[in-house]
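Since we're looking at a predicted model, the values are computed, not measured. Letters A, B, ... mirror the listed sequences (proteins, then strands); counts begin at 1.
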There are 2 protein chains.
Amino acid sequence: MSKPNTALQREDHGTLEDLVGYNLKRAYLIVSSDFRLTLGEEGLAPRVFSALALIVQFPLITQSDLARKLGIERSGLVAIVDDLEARGYVVRKPVPNDRRVRALAPTPEGEVAHSQANETVMAHEAQLLSELTPQETENLVGLLKKIRNIKR
Amino acid sequence: MSKPNTALQREDHGTLEDLVGYNLKRAYLIVSSDFRLTLGEEGLAPRVFSALALIVQFPLITQSDLARKLGIERSGLVAIVDDLEARGYVVRKPVPNDRRVRALAPTPEGEVAHSQANETVMAHEAQLLSELTPQETENLVGLLKKIRNIKR
DNA sequence: GTCAAATTGTTTCCTAAGAAAACAAACAAT
DNA sequence: ATTGTTTGTTTTCTTAGGAAACAATTTGAC
């Protein structure tokens with residue numbers, strides 16, 4: 001059981017400290033700020049990184065499909081794809097049968113940039129979370145995915 | 001154990017899907033949007049609720065101390081306390097020995113509002129997370145606290 | 001085949017949340 | 001008494017996302 005914190009230990013039932021939402025937010029802020037430090041000022045923003053990762057994983061994905069997969073609005077995706085296109089990491093390709101749709105494909109530079117960023121991010125996250133055992137991290141991700149899969 | 005998702009199962013090592021940061025963000029968005037629905041349009045915003053909870057728990061806490069405890073900047077706390085004061089839930093009291101400091105105290109209405117909001121929030125969160133067993137929820141909170149306690 | 005309805009990418013505007021920098025008032029220390 | 005620090009505050013900036021509207025296009029009903 002390691003060494004728990006010595007301070008706010010008593011009076012911990014029904015308080016802020018055991019609200020999942022509160023702890024999620026605090027933990028998210030820590031991890032995301034570390035992410036930004038990792039990729040630096042000019043580096044990919046978290047959501048841009050996520051989009052690139054999915055475009056590499058699912059080449060020729062549609063903007064609508066990507067927005068759905070990211071859980072954001074189509075309108076919000078525009079700026080993200082603009083960013084990636086400006087960096088030369090992604091191109092919007094016309095689709096033969098449907099002239100409304102733009103298929104997103106990574107450029108070679110995009111693939112390289114992604115795999116480099118991915119390495120960096122994974123390594124830094126592992127190091128940030130080195131207080132957690134691999135089992136704990138895996139467990140955590142599993143629980144978070146369970147929350148993500150809640151149907152509301 | 002249990003029924004995992006059937007879709008994106010293969011190719012899941014080193015991808016976006018097992019990044020803690022990504023899952024944290026997605027899960028946080030779900031829980032915090034549920035929070036807002038729970039307390040409604042006119043209800044306390046998440047951060048305002050958190051502040052009120054701590055003021056009730058630590059009456060006469062200083063604004064600086066509260067900001068520290070919340071993990072935000074002093075400047076950001078001003079609007080939160082303004083909000084609580086406008087609702088009549090909190091008062092800024094002068095402190096005898098130090099005229100810079102404002103001690104935050106809940107009003108009787110503030111105490112009532114807090115305990116009502118707290119009940120509501122706890123109940124809705126429990127219901128939202130009903131897919132998780134109590135052990136899983138407890139486990140999750142423990143892991144999130146571990147992240148919160150990382151010294152960087 | 002035509003016309004209404006839906007879809008796609010996009011623009012514009014709005015909100016929430018927090019950070020950073022500066023400032024006056026007050027305090028502490030030497 | 002001057003210097004430096006702390007407290008609350010204001011102002012400005014950044015990040016992230018949602019909602020509504022729109023033109024271009026496609027689909028579906030009939």
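- Under the 30°/60° scheme for interplanar angles, the aromatic rings of A:Tyr28 and B:Tyr28 are found to lie parallel.
- For B:Arg102, whose side chain is taken as the heavy atoms from C-beta onward, the closest listed nucleotide among C:dA17, D:dG8, C:dG18 is D:dG8.
- Between B:Glu125 and B:Val31 the shortest side-chain heavy-atom distance falls below 4.5 Å.
- Whole-Å rounding puts the A:Asp83 CG to D:dT14 C1' distance at 14 Å.
- Between B:Leu66 atom CG and D:dG8 atom C1' there is a gap of 13 Å when expressed in whole angstrom units.
- In this structure, the CG atom of A:Leu77 is 13 Å from the P atom of C:dT8, given to the nearest Å.
- Atoms CG (A:Asp65) and C1' (C:dT8) sit 11 Å apart, rounded to a whole Å.
- Residue A:Arg36 is the one, among A:Arg36 and A:Arg99, whose nearest nucleotide of DNA chain D lies closer to the 5' end (criterion: closest heavy atom).
- Panel note: side chain B:Asp83, backbone B:Val48; no donor-acceptor pair is recorded below 3.5 Å.
- Side-chain N/O atoms of A:Arg92 include none lying less than 4.0 angstrom from OP1 or OP2 on C:dG9.
- If you take CZ of A:Arg100 and C1' of D:dA23, they are 12 Å apart, rounded to a whole angstrom.
- Applying the 4.0 Å criterion to OP1 and OP2 of C:dT10, one finds that A:Gln63 has a side-chain N or O inside that range.
- Backbone-only engagement by B:Asn97 is indicated by non-hydrogen atom pairs under 4.0 Å involving sugar-phosphate atoms exclusively.
- Rounded to whole Å, atom P of D:dT7 lies 13 Å from atom CD of B:Glu73.
- Across all strands shown, B:Ser64 has heavy atoms under 4.0 Å from sugar-phosphate atoms exclusively, and none from any base.
- Protein atom CD1 of B:Ile80 is 10 Å distant from nucleotide atom P of C:dA19, rounded to whole Å.
- Remark: the A:Glu109 side chain and the A:Thr107 side chain contain an N/O donor-acceptor pair separated by less than 3.5 Å.
- Residue A:Arg74 is in base contact, counting any heavy-atom pair closer than 4.0 Å across all strands shown.
- D:dA16 atom C1' lies 16 Å from atom CG of A:Leu44, rounded to whole Å.
- Ranking D:dG8, C:dC27, D:dT26 by closeness to the A:Asp98 side chain, first place goes to D:dT26.
- If you check distances only, the side chain of A:Ser75 does reach the base of D:dA19 with a donor-acceptor pair under 3.5 Å.
- Ranked by how close their nearest DNA chain D nucleotide is to the 5' end, B:Asp82 and A:Glu41 are led by B:Asp82.
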